[in-house]
Amino acid sequence: MSTTTVQKTATKEGEDWQPLIITFCCNWCSYAGADLAGVSRLQMPTNFRVIRTMCSARVDPEFVLRAFSKGADGVLVLGCHPADCHYIGGNYRTRRRIALLRMLLEQYGFDPDRLKLEWVSASEGPKFQQTITDFVKEIKEIGPNPLKEDQVEEH
Amino acid sequence: MTNKVGAVMVVGGGISGVQAALDMADSGFKVYLVEKKASIGGTMAQLDKTFPTNDCSMCIMAPKLVAAGRHQNIELITNAEVEMIQGVPGDFMVTLKKNTLRVDEEKCTGCGECAIKCPIETSDEYNEGMKKRKAIYVMYPQAVPLVFCIDKNKCIGCGICHEECKAKAIVYDKKSEALEIPVGAVILCPGFEEFDARLKKEYGYGSYKNVVTSIEFERILSATGPFFGMVLRPSDGEVPKKVAFIQCVGSRDEKVGNTYCSSVCCMYAIKEAIIAGEHTEGLKPYIFFMDIRAVGKEFEDYRERAEKEYGITMYRGARVASVEEDPLTKNLTLRYSYEGESRSEDFDMVVLSVGLKPPEDADKLAKRLGIKLNKHGFCDTSIYDPLSTSRPGIFVSGAFAAPKDIPTSVAEASGVASKAGAIIAPARNTLVVKQSFPEEIAVEGQEPRIGVFVCHCGINIGGTVKVPKVVEYAKTLPSVVYAEENLYTCSSDAQERIKEKIKENNLNRVVVASCTPRTHEPLFQNTIKEAGLNTFLFEMANIRDQCSWIHMHEPEKATEKAKDLVRMAVAKSRLLEPLKTSRLEVNHAAVVIGGGLAGMTAALDIADQGFSVHLVEKTGHLGGYLAKLPLVEGGMKPKDHMDHLIKRIRESKNITVHLNNEVKDVTGFIGNFKVKLKDVELDAGTIIAATGGLEYKPTEYLYGQDPRVMTQLELEDKLAHKTFHGKNVVMIQCVGSRNEQVKYCSRICCAHAIKNAIEIKKQSPTTNVYVLHKDIRTYGFREDLYREAGQLGVNFLRFPEGTMPKLEKKGDNLEIVVPDVMLREDVLLKPDALVLSTGVRPNPDNVEIAKLMKVCGSKDGYFLEAHMKLRPVDFATEGIFLAGLAHWPKFIDEVIAQASGAAARAMTIISKDQLETEGIIAAVNDDVCNGCGICDPVCEYKAIVIVQDPSNPDKRKAVINEGLCKGCGACVAACPSGAMEQKGFKNDQMYAIIDAAFTGGK
Amino acid sequence: MSDFEPKVIVFLCNWCSYAGADLAGVSRYQYPTNIRTVRVMCSTRVSPHIVLELLKDGADGVIVTGCHPGDCHYINGNYYTEKRMDLAQRLLKMTGMEPERLKLDWVSASEGEKFSHLIQEFVTKLKEIGPNPVSKDKKLVTRLEAAVDASKYFRLKVLTGKDINLTSKGNVYGETLKLESLDEIMAKATEDEYRNSLILQLTNHKAYSVKELATEIGEPTDKTLEHVVSLRAKNMLALDHIEGTTPKYKAITIGGA
């Protein structure tokens, strides 16, 4: 398939290494919070790509694993604050799933801090900015996704 | 029959007006929603959080605002005021003055470039003057409609905005216009204003910087407020350590002329105190109040948590005499009386809990519209007809009729929709728009042919992201057969272009890379639908709000990111499928469970609009508790009102009453319920649960053992029959409420006790009456009763929280010992009549009924509504509603308003011939599903059932009820076998978009 | 300080003042040697930030000369010059530098004598005031930098640029604004932008509290907080950390957080 030059993710560890972070946002709170960050022109690093789901509970653990296996350096799941869920209690399930998934990642020797769950409401543009900025920093400290190196070798 | 106009005008775009508009529009009426300001939203849009759930106000409100803004049967008329209403109910002519925005509402895209460039800064009313806005502005970022307007008073006419506006939307000489609109009914929801705290000179508001009002504090707490949600002192930007909240500023205060209680201040102060502590480390809140009026659902728990969990200090029964500022430190000294002594204490900041007052122009509005105001200046209503103004055909809801909280305003808004609908029911569906679309092009089996439209958004995107590069890149992506750039992809000429390009290129998928789907997806979906494509063949890439605007200084990286986002959207788009929303036939009848005030009111409201109703009552007669209220209230005996209702029900040809009957089973779903009674099975499109509550029968205080001990209802009966002869009467409040077993406040007992106390004094002025209480909770205009009782010589003794008066029988004498807070000693009383203000208990039947209807109960045993703030009469299960004491203890007027609300909500369903299911819902792959049932408990909407597979006796499988599914996708993520799918967000679509986020993704 | 020889930059418009200066020479009018002239086509070319920057960099004085009102070769250029120099003068006053160091005057092609007098008087005046204090006063430099930044703001440029239209020809509504009311708006805007710029200059390298900023910018703390709010809303300033009960802010450097 034709894929012209895109950004250089995952070269080697080096000064210009830029992590790529997949951010799942629930439609009702966090996606709106991300929009508000935009409306308020809050500046932040470009290292993340937002994928919208209707509810954070739609984020199948497999989505997270898929993202990691494709080379995501970090995955951020954002949902409504507890009790604010548009779908009543979806985010409680998200919380349990992500907690479990982090344990699982750890058992497989994968740094669980690459996966993070945060609550961002529709009025929390600044919190969205903060969350992204902090997470990018954290992931930069952790370094590139080790699976990516493996992949490069495989191919 | 005279000619009825199938349209209604809602005046005021706050939460109440918006809800009324939505309910009317959903019931087949055309709605004109008139708002004085440039955007709808009202006061709620300014709030940070809402009590008692601490929900984010904007999060829960914005979807309603957007829904109102988009509704094809709601026409928003902003910046407009009503001048005159002529005509008769059913056939009014309303004259409006629409003030000019000086911006073409059709052309403005809300991009905001004009405001960035405008050189004039002025204070921002939305942030209570604590931030700045420009002379061309939009009230708040999420405003609906998102149209900028020019503040002519501030504008110097430099012309910059016109030069900057790429959409050419600025029209300086646009004129204000007078509009004449025919409607059948008018609903007034102009809301309220805050009390002007400057009038309480002793608190120093206006001269002391660190004294702020509660609404200012609300903005301070907001993430979009001046301090990004952190509490700071306006005098010097320091974090305050001690913050005092002073209650009743402009309420319960004869000196300033407002004798009523503003009802909401206690709760909002507790909320603000909690949030302030949460947002700001080390901040300690203190609340100074007379009585804490936590009367609503789960408010008392909230109050308790505030004290115990959040460490908020409460000074009960404290009235603050004055606030003084230290001119150097700007700290504030409060002087107040507490438990009988004068004290003073220093604080870093003071919040004045300002009361609610009628809108400033209420007088003029009333005169222009020919409606009466009450003595407090609010709209005059009667307790038996709480939603009607004095002029037939004009209704009122929300805080214009009395200070009230959001859920009550919302319930009333629905209620008023029911009342207005009754007038124009014959003209239903006569003025609503039905858009017609061409036949859908079948795309199944075709190779995807994607068209990509990339928006410059003036310079909002194009100024940072190199749009032409993104377009060139898009052309290289698989399945993309066409790509172009637009100055504004959302403009109306661009819609025509998109349609043309679909035809020209045989496009079967469309991707727009522009702003956010939250506001713009429906517009583009509509466009492709007009071109014959299924609306679900559309995908958006958000390259403005989530790219160009947040990476303004990194154009290269932003451009790369925009390309990625387009690639991701295209990847998903390739796998999109047309979704069929199915249509469900709707049964037009309603079942109302419970024949008390709520049930009868709801049944009559529905019958009045021509639908048939089954009213199911467990006992052998209608009426419920009304029969037990023989004293005159609001100019009439509640019992007479009951007789009137029963008579109307008997005469109504639409209502079938099922006495001595009960619900045995409920099956089906919204639009198609089957309700099984003892003897008959009823078909209904909707159900209302109005099962009422019970009076608590006390076991304490020798009740039932000594004839001198009675409940308030029993006392009322005696008073009505003039058979009460006590000379020393003691009333004890909170018997069976606010204790360890039942923590909640029963809301109605204080006013009920005082009503009886006044009656005693009227019948026998020499009788001594003592009311022993923790707080007197006569909220709203009921405060007048409290005052009246005090003037008649009724004695009020406050005892501390956590204690109760003790009763002893000495010989034949009753002796009450009560710890008096003011005197700080025990007081001995020897009553010859002891009246217990017993609380309300939930109907024990609720448990069983909840199970049958698959709805939830609250922790206190009442029914649990879908959302405490904004869906106060809905159950989470679609199509089922609640009203009256089954929801929470409440007064007659509140029951009536809420019952009408439930009726209106029910009619939004049964007024339709068909219901359209959501497109994005769950779907089961039968071949893969093994019926494990893991998905079932995950579903909050009870939309999943596990059934026996009819074709295979060994197999069970999950079945989705399309009428109930809301499409959250929680079950899909839970499904261990991959059998569950979410249409529009299918697993393969999600994997495609995830994969495409990476280099080399397809 | 009799041996102090001020350095003065003189801007001359090509059509009047430059010719006036030439005429002074032709007529052998004598004046001090302290000036260095810069020719511009029209006096309006001299942006406020240019003169402010010169003073920041150590020039002891700056003179801008142009054609007399009504005589401008480019019709109205000198009217704008006047507005722009008003802005520069306003900003200069706010920094605390002697406003006499900047002068605007009109010199026609026939006013050789006037030109020589202008220079003589200006140099004498500067000798009285003494040398430009920037070399000894670091804070003044920061304030001048803030003034330079402020003078470049779009908002002030718009107000300066639209001034004449608004007060004489009428605005987009066909109304003419009173000179005083526009002046008031201009004064307020200049003050706001200057203070904002100064806050940004200060917080560029170090986090400041509202109280500290208030002392630096010479405003009460509540007004200073308003500036902080406005800068935060524009995403130019951010909370850095909190010391006890005192939040401290730093400027956001361009390039994102």
Side-chain angles (χ1 to χ4, degrees), chain B residues 102 116-124 127 129-135 150 152 154-164 170-173 209-210 220 224-241 280-283 330 348 549-554 557-558, chain C residues 153-163 165-167 170-177 181-182 185-186 188-189 192-193 196 208-214 220-235 238-239 242-249 252-257:
Chain B
R102 299 180 195 274
I116 290 174
K117 294 290 161 63
C118 171
I120 299 301
E121 281 189 350
T122 182
S123 98
D124 171 12
N127 277 300
M130 292 181 290
K131 269 174 109 167
K132 298 269 172 61
R133 65 159 170 82
K134 294 297 185 65
I150 292 177
K152 179 66 178 56
K154 300 288 177 203
C155 176
I156 57 167
C158 70
I160 279 290
C161 48
H162 175 71
E163 291 162 25
E164 291 297 329
I170 313 283
V171 191
Y172 293 112
D173 55 0
K209 279 272 164 194
N210 292 332
I220 289 178
T224 56
F227 309 140
F228 285 58
M230 205 167 127
V231 182
L232 300 178
R233 293 189 351 145
S235 75
D236 55 11
E238 292 281 300
V239 176
K241 280 209 149 19
T280 314
E281 220 181 288
L283 185 151
K330 309 284 179 195
D348 299 316
W549 274 350
I550 56 173
H551 310 306
M552 288 164 82
H553 309 300
E554 298 177 283
K557 285 183 179 173
Chain C
Y153 271 125
F154 183 80
R155 188 180 165 205
L156 296 185
K157 285 191 176 175
V158 171
L159 288 172
T160 320
K162 296 274 181 181
D163 188 310
N165 272 344
L166 298 178
T167 50
N171 65 10
V172 296
Y173 305 110
E175 309 156 347
T176 43
L177 266 67
S181 64
L182 191 65
I185 290 171
M186 185 67 197
K188 176 87 181 63
D192 280 352
E193 296 304 341
N196 284 349
Y208 276 78
S209 73
V210 169
K211 280 184 184 168
E212 290 164 347
L213 286 172
T221 46
D222 58 328
K223 293 272 174 260
T224 309
L225 179 62
E226 284 173 21
H227 290 298
V228 167
V229 166
S230 149
L231 285 169
R232 287 182 79 188
K234 288 178 185 147
N235 208 34
L239 179 68
I242 302 174
E243 275 175 33
T245 58
T246 310
K248 295 203 161 191
Y249 303 93
I252 294 173
T253 42
I254 287 180

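Chain letters run A, B, ... following the sequence lines, proteins first, then strands; residues in each count from 1.
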How close do [X] and [Y] get, counting heavy atoms only, and between which atoms?
| X | Y | value |
| --- | --- | --- |
| V158(C) | C158(B) | CG1-SG, 4.1 Å |
| P119(B) | R155(C) | O-NE, 2.7 Å |
| R233(B) | L225(C) | O-CD2, 3.4 Å |
| G237(B) | P247(C) | O-CD, 3.3 Å |
| Y173(C) | C155(B) | OH-SG, 3.2 Å |
| R232(C) | F227(B) | NH1-O, 3.8 Å |

Please classify the contact between [X] and chain B as side chain, backbone, both or neither, with a heavy-atom cut-off of under 4.5 Å.
| X | answer |
| --- | --- |
| D192(C) | side chain |
| K234(C) | side chain |
| T224(C) | neither |
| L182(C) | side chain |

For [X], is it the side chain, the backbone, both or neither that has a heavy atom under 4.5 Å from a heavy atom of chain C?
| X | value |
| --- | --- |
| M552(B) | neither |
| L283(B) | neither |
| D236(B) | both |
| I170(B) | neither |

>> Within a 6.0 Å radius of atom NZ on K117(B), are there more than 12 heavy atoms belonging to other residues, nucleotides or ligands?
In response: yes
> Checking N171(C) side chain against I156(B) main chain: does a donor-acceptor pair fall under 3.5 Å?
Replying inline: yes
> Does T245(C) reach the main-chain N or O of E238(B) with its side chain, forming a donor-acceptor pair under 3.5 Å?
Replying inline: no
> Do the side chains of I160(B) and K162(C) get nearer than 4.5 Å, heavy atoms only?
Replying inline: yes
> Do the non-hydrogen side-chain atoms of V172(C) and H162(B) ever get within less than 4.5 Å of each other?
Replying inline: no
Heavy-atom pairs under 4.5 Å with chain C - which of [options] has more of them than the others?
| options | result |
| --- | --- |
| R102(B), K557(B), K152(B), K132(B) | K152(B) |
| G225(B), P240(B), G282(B), P226(B) | P226(B) |
| M130(B), H551(B), M230(B) | M230(B) |

> How many angstroms lie between NZ in K188(C) and OG1 in T122(B), if you round to the nearest 0.5 Å?
Replying inline: 10.0 Å
> If you count heavy-atom pairs under 4.5 Å with chain B, which of V229(C), L177(C), I242(C), N165(C) comes out on top?
Replying inline: V229(C)
